[in-house]
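Computation of the quantities below employed the complete heavy-atom set of this structure, encompassing side-chain atoms and omitting hydrogens, waters and symmetry-equivalent molecules. This one's a predicted model, so the numbers in the text were calculated from it and none came from an experiment.
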Amino acid sequence: ILLVEDNPGDIRLVQRIFSKLTINPQIDIATDGVEALKYLHNAMTVIESSLPDFVLLDLNLPKKDARQVLSEIKQHPKLKHIPVMVLTSSRSDGDILSSYQAHANAYVVKPMNFEDFAKVGKAIEDFWFQSSQLPTSVSH
């Protein structure tokens, strides 16, 4: 999982929640939009299997807006297959619409307490890593 998040508290919270799940995924961190795209482009040049299976993307990021990051991911032939979930504190209809217009796979508002955040983590695991089928390889 690539977590794109600039808030250290939210980073620790996501890491803590995912460490307790059955899948216990490797979580790589990018703290701004530029760093996220650099990570993805570097992963493409190293080996295809180093691309993340899933991206959790905070909406309000420094350096490069998350909508731009999302658009670049979804327009790139080697990245567009990666599910991207926007995980943000914004409940704005405009933010929700613009995220889906940029081809977000899901939009989730960050819960305010640990128990509800843990339920979101479990829902991600149940749906994205157990119920749905993610691609194991991508043709060039």
Side-chain angles (χ1 to χ4, degrees):
I1 294 176
L2 174 61
L3 173 61
V4 187
E5 173 64 66
D6 63 323
N7 180 318
D10 285 346
I11 291 170
R12 285 190 301 276
L13 185 59
V14 168
Q15 289 172 321
R16 181 174 171 208
I17 287 168
F18 276 86
S19 73
K20 302 200 181 298
L21 298 178
T22 305
I23 58 169
N24 192 12
Q26 174 182 327
I27 298 177
D28 295 320
I29 310 294
T31 57
D32 62 59
V34 171
E35 188 179 334
L37 290 171
K38 183 178 178 182
Y39 170 94
L40 291 167
H41 288 284
N42 286 343
M44 281 189 297
T45 60
V46 174
I47 185 166
E48 188 176 289
S49 63
S50 65
L51 285 171
D53 295 315
F54 192 75
V55 175
L56 283 171
L57 179 65
D58 183 31
L59 200 57
N60 300 307
L61 295 170
K63 296 189 182 178
K64 186 166 242 185
D65 184 77
R67 290 161 206 81
Q68 292 173 288
V69 173
L70 181 57
S71 290
E72 288 188 41
I73 290 171
K74 293 303 182 177
Q75 289 175 13
H76 196 288
K78 292 184 180 178
L79 300 175
K80 66 183 178 181
H81 71 281
I82 302 171
V84 179
M85 174 185 283
V86 173
L87 184 62
T88 182
S89 57
S90 174
R91 296 181 181 275
S92 161
D93 287 338
D95 287 340
I96 296 167
L97 178 61
S98 67
S99 294
Y100 280 114
Q101 286 175 332
H103 304 285
N105 296 91
Y107 187 102
V108 176
V109 177
K110 290 177 186 173
M112 289 292 137
N113 63 60
F114 180 82
E115 291 77 24
D116 289 341
F117 218 124
K119 287 177 186 176
V120 168
K122 181 66 175 143
I124 290 169
E125 176 184 48
D126 289 346
F127 181 76
W128 290 105
F129 293 96
Q130 291 182 359
S131 297
S132 65
Q133 294 295 302
L134 299 176
T136 55
S137 65
V138 181
S139 59
H140 299 298

Would you find more than 12 non-hydrogen atoms of other residues, nucleotides or ligands less than 6.0 Å from D93 atom CG? no
CG of L51 to CG of N42, rounded to nearest 0.5 Å, is 10.5 Å
Exercise for review: State, with a plain yes or no, whether a side-chain heavy atom of D58 is found less than 4.5 Å away from one of K110.
Suggested key: yes
Beyond-backbone contact of I17 with F114, side-chain heavy atoms, under 4.5 angstrom
yes
To the nearest 0.5 Å, atom CG of L70 lies from atom CD of Q75 at 9.5 Å
Rounding to 0.5 Å, atoms CG (D32) and CG (D65) come to a distance of 12.0 Å
Tightest non-hydrogen contact, residues P52 and I1, listed as CB-C, 4.3 Å
Side chains of L59 and Y107, heavy atoms from C-beta outward: is any pair under 4.5 Å?
yes
Note: A104 and V86 closest approach over all heavy atoms is CB-CG2, 4.0 Å
Notebook entry, point to check: Among the clusters formed by ILVMFWY side chains lying less than 4.5 Å apart, do V14 and F127 turn up in the same one?
Noted result: yes
Q.
Between Q15 (side chain only) and I27 (backbone N and O only), is there a donor and an acceptor less than 3.5 Å apart?
A. no
Taking every heavy atom of I11 against every heavy atom of T31, the minimum-distance pair comes out as CD1-CG2, 4.3 Å
Taking every heavy atom of A36 against every heavy atom of V69, the minimum-distance pair comes out as CB-CG1, 4.4 Å
Quick check: do I124 and F18 have side-chain heavy atoms less than 4.5 Å from each other? yes
Is it true that V34 and V84 fall in one hydrophobic cluster, defined by side-chain heavy atoms closer than 4.5 Å? no
Output for pair (L56 CG, D10 CG), nearest 0.5 Å, gives 11.0 Å
Side-chain contact, heavy-atom cut-off 4.5 Å: W128 with D53? no
Nearest heavy-atom approach of V55 to I82 is CG2-CG2, 3.7 Å
Original post:
Can you check whether D126's main-chain N or O pairs, donor with acceptor, with S131's side chain at less than 3.5 Å?
Top reply: yes
dist Q101:CD -> R67:CZ (nearest 0.5 Å) comes out at 11.0 Å
query = With side chains defined as the heavy atoms from C-beta onward, is the minimum distance between H76 and H41 less than 4.5 Å?
reply = yes
>> If hydrophobic clusters are built from ILVMFWY residues whose side chains come within less than 4.5 Å, do L21 and L3 share one?
In response: yes
Worksheet item: Counting N and O atoms only, with roles assigned by atom type, does the side chain of Y39 sit under 3.5 Å from a partner on the main chain of V4, one being a donor and the other an acceptor?
Response: no
Can a donor-acceptor pair be found, under 3.5 Å and without considering hydrogens, that links the side chain of K74 to the backbone of K80?
yes
Problem set entry | Note, K64 side chain near L37 side chain (heavy atom, < 4.5 Å) | yes
(message) Walk me through whether K122 and E125 qualify under salt bridge (charged side-chain N to carboxylate O under 4.0 Å, His left out).
(response) CA-CA 5 Å; K122 181 66 175 143; E125 176 184 48; 3.1 Å; yes
The reported gap from NZ in K78 to CG in L40 (rounded to nearest 0.5 angstrom) is 13.0 Å
